[in-house]
Structures are given as structure tokens and as C-alpha cells.
Amino acid sequence: MPRPGWRRLLSLSLAMLSVPALGLWVHLTVGWTQLLSPWMGLHAVDYGVLLVGIVVSYLARAARLFDYCRAIVGHAPLATLRLSLLHNLFNNLLPMRTGEAAFPLLMKRYFGARYVDTGLSLLWLRVLDLAALTLLAALVVATGSALPPLARGLAIALAFASAGGLLALPWLVRRLPGRQDGGRAQRLIHAIGSALPASTAAYARAVLLTLVAWAGKGLAFVWLVLQFTALTPPTAAVGVAAGELSSVLPVHGVAGSGTYEAAMVGALVAVGADHDVALLAAVNVHLLLLGAALALGTVALALPRPTSSFNDDQVS
């Protein structure tokens with residue numbers, strides 16, 4: 001068995017190789033010229049729809065962070081937006097989920113927050129992301145009349161399970177045997193539970209903003225697929241949902257290259273799309289995702305930091 005250090009090196013090497021592998025895949029199948037040419041045919045309205053969907057998504061994500069971590073970030077909405085956009089940039093560009101480390105680092109630098117507190121908050125935000133995205137994806141499949149009945153039935157069951165999990169999560173966690181003065185396991189359970197919002201209303205806001213964030217991005221991506229291909233909206237939505245689900249999993253390549261496309265192409269082909277059409281849609285959606293992350297990350301640099309910003313000398 002490889003040693004842990006070799007496992008990390010192997011994982012990083014595979015992630016780095018995903019970029020040239022994707023480039024070669026596109027070149028040998030569709031061709032980069034044919035793949036990128038549809039962008040020239042988009043109208044101003046199309047670009048407007050893409051812009052609105054993406055901006056709404058990232059504003060909702062920043063608003064969720066501001067509301068969820070109000071005790072940490074205080075009254076600094078623009079600084080929170082800056083942090084959220086930079087975290088998103090790192091998360092999209094770095095391989096193997098290493099971009100997630102930017103969140104606790106930035107929270108400590110900007111607001112003096114403890115790593116354990118922001119780490120637990122990020123854990124719950126990712127749980128909300130996975131549950132909300134699964135719910136939206138299941139609803140898409142369940143309403144796709146052209147999809148197989150078995151797939152629709154499983155999607156309906158998954159939608160109910162995801163919705164039930166979102167509703168019952170705080171109730172379940174707070175009934176676990178967690179105690180601040182108990183044993184190690186009880187202290188861990190208490191710490192995890194304490195990272196949830198204190199009130200039902202705050203938790204409901206977090207769920208709502210999570211759904212808005214994913215719906216805004218999903219609608220923009222589906223719109224792009226519909227402009228570039230003759231796929232139906234339910235089929236396009238299945239592909240987009242698969243690509244986005246791959247982005248919240250523990251493993252992906254540099255900038256998600258390869259894993260995002262593979263997930264989206266696999267889902268589209270499974271529901272009857274042509275492979276070349278699926279690849280064209282997947283690569284262009286991913287390019288839009290990365291372009292948005294880079295553009296908004298650049299915008300973030302123009303936003304103010306907290307007026308009482310912390311640095312490594314101030315925080316132990």
C-alpha cells in the first residue's frame with residue numbers, strides 16, 4: 001500500500017494531469033474551434049440572463065455567509081462579500097478541495113475568528129449545499145417527462161429525503177447526546193451542534209438563501225446549454241445538476257477540469273444525449289463557471305476589507 005505522502009502526491013499528480021487530458025479529449029472529439037464558436041452567436045439578452053443568474057447566485061451565497069456568521073463578521077457586508085468571492089475563486093481553481101482552506105484562513109485574517117469555529121460553520125454550509133443541490137436535482141429529474149419512469153420515481157423519493165433532511169437536521173442534531181463538559185465524543189457533538197444557527201428563523205433563512213444560490217446558478221447554466229444545443233430543458237438540467245454535484249464532492253481536478261465534464265457528459269449521455277453535444281455543453285458550462293469565478297474574484301479585490309482587519313501578529 002502507498003504511504004500517505006505518496007497518496008497525496010499521486011492525487012495531486014492526477015489532478016494536474018486532468019487539465020491536459022481534458023484539452024486532448026476536447027481536441028480529438030469535438031475540436032476547440034467548434035466548441036467555442038457558439039459564443040459568437042449569443043445575443044445581449046442571453047448574456048444578460050447569464051449575468052443575472054450568476055450575480056444573484058453569488059450575492060445569495062454571500063448573504064447566507066453574512067447572516068450565518070453574523071456573530072463573527074459583525075456589520076461588514078462588503079468585507080463578507082469580498083471574502084465569499086475570494087473563497088469561491090480559490091475553491092474553483094485549486095484541486096482536491098484544497099480551496100476550502102481559504103475560508104478559515106480568510107475568516108481569521110479579516111475577523112480574527114478561530115479555525116475551529118469557522119471550520120464547523122463551513123461544514124454545515126457544505127451540508128446545506130449538498131442537501132439543497134440534491135433536492136433541486138431530484139426535482140428536475142422528477143419533472144422530466146422524457147426521462148425513464150424508474151429514474152423519475154427514484155428522484156421523487158430522493159427529493160422527499162433531501163427536503164426532510166433539510167427540515168429535520170437541527171432537530172436531530174440537538175437531540176444527540178452532546179455536552180460541553182462531557183467526554184471527547186460528547187464535546188465534539190456539542191461543538192458541531194453549536195455551529196448551527198441558534199433559531200429556527202435563522203436556519204430557515206440559511207436554507208432559503210442556499211436554494212436561491214443554487215437555483216440562480218443552475219438556471220444560468222441551463223440557459224447556456226439551451227442556447228448551444230437542441231437539448232430539452234429537463235435534459236439540460238440533469239446534466240447541469242450532475243456537473244454541480246461533482247463540484248461539491250471531495251475529489252476533483254485542477255479548476256474541476258475533467259471531473260466536472262465527465263459528470264455532466266455521463267449524465268447527459270445516460271438520458272439520451274449525443275456524446276459530442278454533451279461534451280460541447282459540459283465544457284462551455286465549465287468555462288462559464290470558471291470565467292465567472294475569475295471575474296468576480298477580481299471584483300472582490302476592489303471591495304473593502306474590515307476596518308478592524310486582523311493579521312497574523314494580532315491573532316494567535
Side-chain angles (χ1 to χ4, degrees), residues 53-54 56-58 60-65 67-68 88 91 97 100 120-176 189 192-193 195-222 225 232-252 256 259-260 262-264 266-268 270-271 285 289:
I54 290 171
V56 166
S57 175
Y58 287 114
R61 193 174 297 273
R64 180 185 68 166
L65 175 60
D67 191 59
Y68 199 102
N88 175 71
N91 213 18
R97 308 302 299 173
E100 293 286 28
L120 290 172
S121 295
L122 179 61
L123 171 65
W124 280 122
L125 291 176
R126 287 295 171 257
V127 169
L128 288 178
D129 282 334
L130 183 58
L133 181 55
T134 303
L135 172 60
L136 292 173
L139 290 175
V140 164
V141 176
T143 55
S145 57
L147 301 177
L150 177 60
R152 294 172 62 194
L154 292 174
I156 292 172
L158 185 58
F160 275 108
S162 301
L166 282 172
L167 293 174
L169 188 60
W171 183 86
L172 290 172
V173 170
R174 291 190 176 113
R175 276 154 183 78
L176 293 174
I189 293 172
I192 293 173
L196 279 168
S199 68
T200 302
Y203 180 75
R205 291 195 300 271
V207 171
L208 178 61
L209 288 169
T210 302
L211 291 171
V212 170
W214 284 109
K217 182 194 283 190
L219 289 172
F221 290 175
V222 168
V225 173
T232 63
T235 301
V238 168
V240 168
E244 288 302 299
L245 278 170
S246 77
S247 71
V248 300
L249 295 176
V251 177
H252 62 70
T259 49
Y260 193 99
M264 190 168 172
L268 288 174
V271 295
V285 166
L289 172 64

| Hey, what do you get for CD (Glu100) to CG (Leu122), rounding to the nearest 0.5 Å? |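 So the gap between those two atoms works out to 5.0 Å.
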Of all heavy-atom pairs between [X] and [Y], which one has the smallest distance, and what is that distance?
X	Y	value
Met264	Gly239	CG-O, 3.1 Å
Ala220	Gly53	CB-CA, 4.1 Å
Asp67	Ala202	OD2-O, 4.2 Å
Ala241	Ala137	CB-CB, 3.5 Å
Ala159	Leu135	O-CD1, 3.4 Å
Asp129	Trp214	OD1-NE1, 3.0 Å

| query | So do the side chains of Leu166 and Ser162 get within less than 4.5 Å of each other, counting heavy atoms only? | reply | no
| Between Val127, Leu133, Thr134, which is the residue that forms a side-chain contact (heavy atoms from CB on, under 4.5 Å) with Leu130? |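 By the side-chain contact (heavy atoms from CB on, under 4.5 Å) criterion, Leu130 pairs with just one of Val127, Leu133, Thr134: Thr134.
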| request: Only one of Val207, Leu123, Leu209 passes side-chain contact (heavy atoms from CB on, under 4.5 Å) with Leu128; say which it is. | output: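 Result: among Val207, Leu123, Leu209, Val207 is the only option passing the side-chain contact (heavy atoms from CB on, under 4.5 Å) with Leu128.
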| Does Thr210 reach the main-chain N or O of Ala206 with its side chain, forming a donor-acceptor pair under 3.5 Å? |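 Yes.
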| request: Please answer whether the main-chain N or O of Lys217 pairs with a side-chain N or O of Tyr58 as donor and acceptor at a distance below 3.5 Å. | output: no
| query | Any salt bridge (Lys or Arg N to Asp or Glu O under 4.0 Å) pairs touching residues 156-169, not counting sequence neighbours? | reply | none
